[in-house]
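Remember, predicted model here, so these are calculated numbers, not experimental data. We count residues from 1, following the sequence as given.
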Amino acid sequence: MLGSFILIGCSPTVKVQAPSEPININLNVKIDHEINIKVDKALDNMINKSGLY
């Protein structure tokens with residue numbers, strides 16, 4: 001019985017506290033995109049002749 005009281009008294013405790021300073025999250029994000037379109041030479045000539053290009 002005495003042993004169980006000693007073990008209970010030595011159990012670790014966890015304290016959760018809010019930080020005194022605000023949390024800052026800096027996100028440096030750079031998004032690049034590139035679209036490459038390859039067109040067949042015959043199709044390119046047809047588009048240029050019809051004036052769609």
Side-chain angles (χ1 to χ4, degrees):
M1 182 99 160
L2 181 59
S4 64
F5 286 124
I6 292 172
L7 290 177
I8 292 172
C10 294
S11 63
T13 58
V14 177
K15 294 182 181 179
V16 178
Q17 291 180 326
S20 60
E21 298 178 5
I23 299 172
N24 293 325
I25 300 173
N26 295 323
L27 296 175
N28 295 324
V29 178
K30 181 178 180 182
I31 300 173
D32 289 331
H33 65 278
E34 183 176 325
I35 299 172
N36 295 322
I37 300 174
K38 294 182 180 181
V39 179
D40 185 63
K41 192 70 172 176
L43 183 59
D44 189 33
N45 289 334
M46 188 183 341
I47 290 172
N48 286 334
K49 286 180 184 177
S50 65
L52 297 174
Y53 195 69

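The side-chain contact (heavy atoms from CB on, under 4.5 Å) check on Ile35 picks up Ile37, with sequence neighbours excluded. The side-chain contact (heavy atoms from CB on, under 4.5 Å) search around Leu27 returns Ile25, Val29, not counting sequence neighbours. Remark: Asn24 pairs with no residue by the side-chain contact (heavy atoms from CB on, under 4.5 Å) rule, at least two apart or across chains.
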